[in-house]
There are 6 protein chains.
Amino acid sequence: MCNVNTSASMTAEIDGAARAAAAPGTQIVTRSPLFGAEAVDSAAESYLCAVGVLDLTARLLDAGAFDFDAVILAGFGEHGKDALQELLTVPVLDIAEAAVHLAHLVGRRFSVITTLAASIPAIEDRLLLAGLSAHCASVRACGLGTAAVDADPSGAVDAIVAEAQRAIHEDGADVICLGCAGMAGVTEAITARLGVPAIDGVAAAVVLAQSLVGLGLQASKVGGGTPPNPRSQWPLSTALGLRL
Amino acid sequence: MCNVNTSASMTAEIDGAARAAAAPGTQIVTRSPLFGAEAVDSAAESYLCAVGVLDLTARLLDAGAFDFDAVILAGFGEHGKDALQELLTVPVLDIAEAAVHLAHLVGRRFSVITTLAASIPAIEDRLLLAGLSAHCASVRACGLGTAAVDADPSGAVDAIVAEAQRAIHEDGADVICLGCAGMAGVTEAITARLGVPAIDGVAAAVVLAQSLVGLGLQASKVGGGTPPNPRSQWPLSTALGLRL
Amino acid sequence: MCNVNTSASMTAEIDGAARAAAAPGTQIVTRSPLFGAEAVDSAAESYLCAVGVLDLTARLLDAGAFDFDAVILAGFGEHGKDALQELLTVPVLDIAEAAVHLAHLVGRRFSVITTLAASIPAIEDRLLLAGLSAHCASVRACGLGTAAVDADPSGAVDAIVAEAQRAIHEDGADVICLGCAGMAGVTEAITARLGVPAIDGVAAAVVLAQSLVGLGLQASKVGGGTPPNPRSQWPLSTALGLRL
Amino acid sequence: MCNVNTSASMTAEIDGAARAAAAPGTQIVTRSPLFGAEAVDSAAESYLCAVGVLDLTARLLDAGAFDFDAVILAGFGEHGKDALQELLTVPVLDIAEAAVHLAHLVGRRFSVITTLAASIPAIEDRLLLAGLSAHCASVRACGLGTAAVDADPSGAVDAIVAEAQRAIHEDGADVICLGCAGMAGVTEAITARLGVPAIDGVAAAVVLAQSLVGLGLQASKVGGGTPPNPRSQWPLSTALGLRL
Amino acid sequence: MCNVNTSASMTAEIDGAARAAAAPGTQIVTRSPLFGAEAVDSAAESYLCAVGVLDLTARLLDAGAFDFDAVILAGFGEHGKDALQELLTVPVLDIAEAAVHLAHLVGRRFSVITTLAASIPAIEDRLLLAGLSAHCASVRACGLGTAAVDADPSGAVDAIVAEAQRAIHEDGADVICLGCAGMAGVTEAITARLGVPAIDGVAAAVVLAQSLVGLGLQASKVGGGTPPNPRSQWPLSTALGLRL
Amino acid sequence: MCNVNTSASMTAEIDGAARAAAAPGTQIVTRSPLFGAEAVDSAAESYLCAVGVLDLTARLLDAGAFDFDAVILAGFGEHGKDALQELLTVPVLDIAEAAVHLAHLVGRRFSVITTLAASIPAIEDRLLLAGLSAHCASVRACGLGTAAVDADPSGAVDAIVAEAQRAIHEDGADVICLGCAGMAGVTEAITARLGVPAIDGVAAAVVLAQSLVGLGLQASKVGGGTPPNPRSQWPLSTALGLRL
């Protein structure tokens with residue numbers, strides 16, 4: 001389980017959501033990158049965090065300290081999954097595709113409710129590349145940033161529910177994906193008020209990771225890329241003097 | 001877990017595959033319809049089996065004997081899921097979509113290898129309706145019917161592997177979905193020889209059902225159909241004098 | 001001409017609409033299944049009716065009493081056409097695709113106005129599978145069930161016209177397909193009030209069946225399925241003690 | 001019925017094919033433009049012929065001599081249908097879309113076999129604009145020009161059958177549309193040798209025109225263009241001193 | 001640079017817009033056809049103008065007077081580009097595709113604002129055939145014909161800006177393409193008021209033509225059509241007694 | 001002009017290709033990131049280079065040393081354009097989309113020939129997100145890495161021509177995009193041998209950048225992201241002690 005940003009409180013929150021969703025025998029370890037951004041509010045920060053996550057993974061691999069059965073990239077629509085999968089043979093899941101896969105299983109058309117409008121294009125792009133756009137009714141923003149969602153959970157529920165109602169009544173959605181790792185705590189309250197299933201990506205990714213591990217499924221290595229070259233300045237955190 | 005046909009040996013085989021994939025706490029009950037077809041080799045039989053499955057479900061509901069957390073329709077590309085979901089609030093999964101969802105998580109493009117060429121259109125139709133066609137490299141047939149797969153497992157492995165190689169090298173697939181409930185037993189042998197992940201739909205559906213149940217996700221009831229009318233000749237098995 | 005449900009009044013109404021559309025030399029025979037549902041208001045009933053239609057066809061074939069040049073499945077968006085075509089070499093037409101083919105010939109974008117919202121997904125699915133979605137502006141429901149349409153034709157015209165206006169002005173439709181076999185009687189009144197062509201599926205299917213028969217076109221049998229196996233419980237009506 | 005080119009022999013051939021397909025009560029009148037090209041082997045000639053057809057129609061309208069119930073544009077994939085429909089309220093059908101609509105009714109995937117490879121893009125474009133590409137397996141050329149098809153019908157059958165076999169076996173087609181007005185005469189021979197339905201566009205358009213006329217369907221005039229302005233040099237044939 | 005209609009004032013306006021966009025070394029020659037329509041308000045006129053443009057080109061070629069490095073067809077969504085390219089080896093650009101290519105480079109989703117609603121289908125068709133529909137948010141009409149745009153530029157700016165605001169706020173556009181050659185003069189005023197880039201097709205085509213010529217890129221001649229046959233009545237203007 | 005990797009020889013080569021394509025008045029400045037990878041052979045390196053490019057841009061902005069009219073990201077299919085555009089108001093072009101836009105203008109269907117098969121998915125993804133997939137015939141690899149292309153230009157021409165021939169004859173391409181910044185030097189030799197236009201992305205991006213700058217077009221800022229937050233570890237090169 002990897003938070004993409006460097007915020008300790010967000011990392012703790014994601015860790016909690018993951019543990020709540022995990023089956024008894026599943027061990028959850030949540031890490032955040034050694035460098036990066038405290039919150040991802042721009043594409044530039046998304047790339048920086050992607051490199052931070054890759055860097056952490058490379059460091060763990062180099063140190064012989066990588067012993068996970070699967071990795072979850074806990075950024076909704078963030079960059080970096082393709083590269084992370086390239087470094088690893090265990091499955092890598094991102095929370096956007098995880099939520100959307102489960103949405104297909106419990107409904108006919110889903111909408112994503114994210115934080116701010118600036119995140120919509122990135123989420124649309126992720127779903128298109130993942131081949132999961134055909135049943136997407138809409139990607140909408142509730143207008144509250146991650147910090148605002150954290151600070152005022154009941155206000156966040158109101159804003160998310162209001163936007164989700166529009167997705168249901170105007171766009172024809174019958175399932176709602178919560179498009180931000182920080183919304184995990186409000187899933188139940190939202191489901192109760194909407195009358196349709198609401199899906200949190202962190203929880204979805206945990207149960208899907210368990211599914212893959214339970215069946216012994218590894219990532220396909222046909223046609224994929226190769227690990228980075230020793231000529232690259234990689235892992236960057238070593239040059240930055242950062243310790244694991 | 002519901003086998004769509006009335007073959008006792010196939011029901012047992014599916015039951016075994018499901019149990020092998022299930023987590024310790026999961027209880028598997030495998031049933032087959034009270035009437036229908038022993039094997040599904042035509043669209044007419046697929047519809048007959050769909051009604052058989054619906055009939056069994058209605059009988060169990062009427063008898064107060066339905067107490068499952070999820071239902072798996074164990075026919076790859078068969079008809080009936082939409083109607084079965086209409087009768088139930090617990091999630092209904094079909095093994096074709098289940099296999100394909102997991103395929104997305106471990107690769108970039110998947111192919112389905114089914115039994116006979118006559119099954120290809122039905123599988124293509126199911127994937128298109130499920131919104132899961134964008135990453136489908138191909139649906140191919142190994143040329144052996146279900147009975148032949150059962151009778152000669154090692155010959156089946158050869159035939160499936162040969163067709164899967166074509167899917168990988170000619171169509172660009174990097175994951176293989178085994179498009180028949182009867183192929184469950186050969187998954188490992190195929191994975192070993194192909195070098196890419198092979199996914200059995202029965203196992204996939206079991207772990208995905210566990211995922212949904214673990215998160216408490218029910219099927220969406222917004223915009224869906226209504227249960228059948230009392231004026232209908234339903235459940236049919238009562239008229240046929242068949243007992244649960 | 002096959003009504004998909006068992007309602008005698010609906011069968012008579014479809015028979016009348018078909019006769020009104022038929023060319024002088026065309027003989028119309030309208031049948032309904034030996035068992036099934038009196039009206040199709042759910043997917044479960046749609047499957048039951050599909051099996052009823054298949055059963056009737058199999059009985060007629062077995063009795064050497066099948067001597068039609070074409071078969072029309074008179075359910076808008078119902079299941080079963082693929083299986084019915086599998087049993088027969090004469091063309092099988094369903095009234096949804098028939099209406100939509102003619103709509104392409106007289107306009108640029110069409111909308112379907114059906115009875116209740118619960119029927120929308122099934123119609124959307126049929127059009128997608130038939131490869132006829134690209135020019136579909138929308139599928140909308142007028143909010144009246146089949147019984148209500150029958151009971152109050154002038155009220156039905158009002159409701160259908162109101163929804164069709166929305167399709168024209170909000171969705172850009174310039175042709176309207178009437179999405180229910182029971183709307184045949186109101187086609188003219190609707191065309192008169194809308195100023196755009198309105199197409200009834202029963203009439204459309206009759207003239208298209210005449211077209212195919214006139215050219216001697218049979219259904220393609222390449223790549224299709226095989227007829228059901230003798231091991232199947234088929235035809236079911238025999239077990240039910242029903243006579244032709 | 002309007003041949004798009006000025007060849008008298010082709011006009012006669014199309015007239016014969018149309019009469020052979022027409023129902024007893026249908027009157028066929030086949031005309032060719034007052035100016036244009038003797039055969040359409042280029043896009044420039046296709047545009048010239050489109051204007052020739054429009055010119056003829058305008059002349060007939062101006063002379064009060066237009067009294068047809070429907071017009072068929074007998075060029076497979078040629079330009080001009082949108083403009084011709086704009087001038088008229090009776091339905092205008094082009095033989096490419098007509099063939100393809102019937103192909104949908106008797107099979108699952110169709111291929112078009114045209115004359116020369118240079119015609120393929122124009123046909124692909126027509127099908128895409130008509131919203132009829134989803135079930136198109138391929139558009140292929142038999143390598144013989146229209147003149148060659150006319151001069152050696154049995155050689156043409158061989159060439160068309162050979163290419164159609166490739167469409168069936170390599171592209172998955174189960175219906176063949178004959179993509180040239182001049183292929184009408186060989187339809188039966190081809191069907192006999194292929195074992196799948198072959199459809200001639202001229203015949204298809206005749207029976208579809210009968211269908212529309214039989215139901216009293218006119219072309220939609222919502223959202224369409226307006227007739228040409230008196231400031232235009234139109235009809236051109238008057239300036240050219242040509243008489244009807 | 002070729003205006004598609006025969007209006008001298010429009011030709012002068014297009015010439016001015018082209019010269020304003022051209023680099024210092026670029027020579028602009030603007031011609032209009034020898035016959036055709038003064039304005040294109042219908043599909044019939046669009047075809048007539050296409051033939052007029054082809055005719056002019058053929059005459060220039062025949063007279064040895066064609067010495068351009070590229071040709072721009074200055075009709076937004078008009079017919080004829082495919083045929084014009086067929087006659088020439090130098091690149092042919094139409095102003096609709098030119099505007100839309102640049103729109104991709106400065107934004108994420110574009111809308112086209114054209115004159116009258118009757119022009120929308122033709123523009124949608126052009127973009128679909130050009131493979132440039134995926135990022136098209138909408139094609140909208142400002143409700144003013146070309147003459148009205150010319151007569152009252154400041155009123156035109158108001159009408160275009162109002163419709164563009166709807167495209168931005170309701171359809172999600174972030175770039176506006178001005179869908180009429182006559183809107184060239186108001187581009188700056190519109191950009192200033194909208195706060196998003198507005199692109200004029202004539203200017204776009206000029207800079208793209210310079211791009212192709214600068215790199216020495218010629219049109220591909222693989223798979224294209226052939227020049228018209230000597231049997232055709234071509235060039236038509238000779239028969240009409242018109243001189244270059 | 002920004003090379004995405006840190007190789008000085010590649011930077012010089014790109015600079016040369018850009019200067020060769022530029023118009024007389026255009027000034028070309030080619031930079032490479034302060035840190036990153038010497039060559040991009042993996043997704044991880046692509047992300048690292050994206051951050052390197054963003055970092056360089058942020059440093060130049062912070063130092064008041066950014067005074068370019070447009071920026072070209074000289075990696076074919078690499079990550080980072082969205083974030084780079086977010087930082088800047090001048091247009092950002094990537095060489096993949098640039099080549100493909102020009103390919104649309106000179107042909108009907110294009111193929112991309114890249115270096116190694118591992119680069120194919122990234123290029124397919126870029127084209128899909130850019131809305132430029134509809135006319136893509138194929139993305140193929142010539143089997144030589146960037147270093148090999150540099151070391152043996154005439155061998156590279158042979159390998160690229162061989163693969164391009166397959167694209168033309170098997171996939172229907174009529175234009176070839178050279179899918180690697182290092183192929184700029186061989187464009188002419190390839191065009192000469194193929195008989196279809198070959199397009200180098202660096203040259204294409206230079207002329208398109210000139211086009212945008214010539215028209216005064218800036219990037220749209222509606223709906224886009226926001227610049228990175230001061231809390232982020234940004235620019236990274238400062239922490240790494242690297243100087244501009």
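Lettering of chains follows the sequences in order, A, B, ..., and the numbering in each one begins at 1.
- We find the CG-CZ distance between E:Leu129 and D:Arg126 to be 6.5 Å, quoted to the nearest 0.5 Å.
- One distance of note links CG of D:Leu48 with CG of E:Leu236; it measures 6.0 Å at 0.5 Å rounding.
- The heavy-atom pair separating E:Ala43 from D:Glu86 by the smallest distance is N-OE2, 2.7 Å.
- Residues E:Lys81 and D:Tyr47 come closest through the heavy atom pair N-OH, 4.5 Å.
- Chain E forms the most heavy-atom pairs under 4.5 Å with one residue out of D:Ala50, D:Gly52, D:Gly80, and that residue is D:Gly80.
- Contact count against chain E (heavy-atom pairs under 4.5 Å) is highest for D:Asp82 among D:Asp82, D:Val51, D:Asp55.
- Heavy-atom distances place the side chain of D:Leu54, and not its backbone, under 4.5 Å from chain E.
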